[in-house]
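To keep things clear, I will list the structure first and then write my remarks on it.
So you know, we letter chains A, B, ... as the sequences are listed, proteins then strands, and number each from 1.
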2 protein chains.
Amino acid sequence: MRSILTSVQKSCTLLKLFLNAEKELGVSDLSRKLQISKGAVHKLLITLESEGFIKQNPNNKLYSLGYTLLELGTKVKDNHDWAEFAKPSIQKLADYTKELACFCIIDGQDAMYIDKIESQYPIRFNVEAYRRFPLYATSASRVILAYCSPEMIDQVLSQPFKQYTPYSITDPEEMKQRLAKIRQLGYEISSNLRNIGVTGIAAPIFDAEGKVAASISLIGPTDRMTQNLDHWADTVVQTTQKLSRHFGYKL
Amino acid sequence: MRSILTSVQKSCTLLKLFLNAEKELGVSDLSRKLQISKGAVHKLLITLESEGFIKQNPNNKLYSLGYTLLELGTKVKDNHDWAEFAKPSIQKLADYTKELACFCIIDGQDAMYIDKIESQYPIRFNVEAYRRFPLYATSASRVILAYCSPEMIDQVLSQPFKQYTPYSITDPEEMKQRLAKIRQLGYEISSNLRNIGVTGIAAPIFDAEGKVAASISLIGPTDRMTQNLDHWADTVVQTTQKLSRHFGYKL
DNA sequence: GTTTATCGTTCACTATATGTGAACATCGTT
DNA sequence: AACGATGTTCACATATAGTGAACGATAAAC
């Protein structure tokens, strides 16, 4: 059962290389990063270019991501119903608290914000939508991870953690205890774990089958957040519980 | 010189099938659409799924586009500088005219709106951003096509035209004359060619090398548009000329 | 409740497409 | 002018992609 097509896999990896690199990349550079010959990379690029997934800058011969990806990405956004479903809720949350309200989903081994309403305060924190990050990294993703299967949790925690700040958790056991505490409380409040001076409050959303599906979080500067911490934790939890019920989840 | 990788090409075509189809597609359906065996399609899907380009709905086993495409599409949007460059201009245009103002680019054989400011009138027309359409289809794309190379124009006009309305141009010769008129005037005003009761005004933007790079258009209900037609054509042309100069284009 | 049709998945096999590595052309720098 | 780097092309041998049939599961039809 060898069902992975190597050339297709290579082309996917190639495209994803652009996510954490310069806007434009050259053949030799890609060849080194992918560890395949220049000729092969060139064929990949020609093929992807003919499909609009890649485009070449005629001036410097370098390659960048093509507009077909933008077209497909827009289609993905149009597809997912629950972002539209959750939008009124995070809007209401943001209006009420004046802080950044986010809707976060799990996809494979990663998390991703797929909707957000930004804070209107002059001093504010912001996140990047449609960008993957590890499940252990933020309160928004940890409240999802906490309700995943034990195997899933073990798999995620078996990889080394990126230390975003001096306060980031790096010990798997400590993380496990934190996840247990999330299951006990039903939400999480965390500070300085990914960004110094930033506090997040997050709670999970469950679907009709009782499986965790997404989360909602409130993020902002710690000094402002601490003024209403308990009240806002309540508000976030009530919001997610309402959404879970909308999804058909029974307490 | 066989430099097209068939499996990569197939995977790209497969992904693009979702653009004009249901949200979810099955293996057999895709097999018929792609004209390759079910087993091969399955391998393609497994590979794409392992990279996050496709995801399978566990309930009905059907496949849909994955979030990695959203991630890549967002990166494409972040990359292109000129949309941000043009944004103030179309914003100003929309504020002044109260109609839909669009920024349109050419990519390969297609056109695409990559930015727009919508009209605030209760009765208004709208377009879909980040969606390909043929170069001959709208005034926004025709003013680009008009300044393309003769070979490019011939190639585009050699394919049969889609008849969006009873008034749509279907004769290549008639289209050529229209393009000639665009080059003569420097802009185009068109009505009912793609949508009945809708009028568009468009003018091209040139880069430093004098090559056509994009266009700006103003679109709205014909009855409202006709009240200020000449004045607004002037305004659009002035906007594009200003942007062309910003790009380094010399008259 | 049984049959039928259709679906997604798996498998062994062969033709074929793929990746290699070297040679080439082109550019900017030294 | 020589160099080093680039992107591009090519012929070839090997690994691989696509076939077509069989499987099990599911849902519709009788």
>> Expressed as a whole number of angstroms, how long is the span from Ile46(A):CD1 to dG19(C):P?
In response: 15 Å

> Got a sec? Which of residues 11-18 of chain B come in under 4.0 Å of DNA chain C, heavy atoms?
Replying inline: none

> Within this structure, what is the CD1-to-P distance between Ile36(A) and dT16(D), rounded to whole angstrom?
Replying inline: 13 Å

Dump the pairs, protein N or O against N or O of nucleotides 6-8 of chain C, anything under 3.5 Å, distances to one decimal.
residue	atom	partner	partner atom	Å
dC7(C)	OP1	Arg32(B)	NH2	3.4
dG8(C)	OP1	Val27(B)	N	2.8
dG8(C)	OP2	Val27(B)	N	3.3
dG8(C)	OP2	Ser28(B)	N	2.7
dG8(C)	OP2	Ser28(B)	OG	2.7
dG8(C)	N7	Lys38(B)	NZ	3.0
dG8(C)	O6	Lys38(B)	NZ	3.2

> Out of Tyr164(A), Tyr113(A), Phe161(A), which residue meets the ring pair (Phe, Tyr, Trp, His ring centres under 6.0 Å) rule with Phe133(A)?
Replying inline: Tyr113(A)

> If you round to the nearest 0.5 Å, how far is OG of Ser158(B) from CD1 of Ile153(B)?
Replying inline: 12.0 Å

>> Nearest whole Å is fine: how far is dG19(C) C1' from Leu34(A) CG?
In response: 13 Å

> Salt bridge between Lys176(B) and Asp154(B), side-chain N to carboxylate O under 4.0 Å?
Replying inline: yes

> Quick one: on DNA chain D, does Leu45(A) or Asn59(B) contact a more 5' nucleotide (nearest heavy atom)?
Replying inline: Leu45(A)

> Which distance, rounded to the nearest 0.5 Å, do you find between the CE of Met175(B) and the CG of Leu145(B)?
Replying inline: 8.0 Å

> What closest approach, in Å, do Asn195(B) and Thr165(B) show between heavy atoms, and which atom pair accounts for it?
Replying inline: N-CG2, 3.7 Å

>> For dG19(C), does the base pair up with any side-chain atom of Lys43(A) as donor and acceptor (N or O, under 3.5 Å, distance only)?
In response: yes

>> Going by the rule side-chain hydrogen bond (donor to acceptor under 3.5 Å, both in side chains), which residues pair with Arg132(B) if we only count those two or more places apart in sequence or in a different chain?
In response: Thr68(A), Glu71(A), Asp107(B), Asp110(B)

> So what does Ser37(B) hit on the nucleic acid, given a heavy-atom distance under 4.0 Å: a base, only sugar-phosphate, or nothing?
Replying inline: base

> Around Glu22(A), counting heavy atoms of other residues, nucleotides and ligands shown, do more than 12 lie under 6.0 Å from its CD?
Replying inline: no

> Taking all non-hydrogen atoms of both residues, which atom of Leu19(A) and which atom of Arg131(A) are closest, and how far apart?
Replying inline: O-NH2, 3.1 Å

>> Expressed as a whole number of angstroms, how long is the span from Glu49(A):CD to dG7(D):P?
In response: 13 Å

>> Nearest to the side chain of Thr6(B), heavy atoms from C-beta on, is which of dG19(C), dT18(C), dG20(D)?
In response: dT18(C)

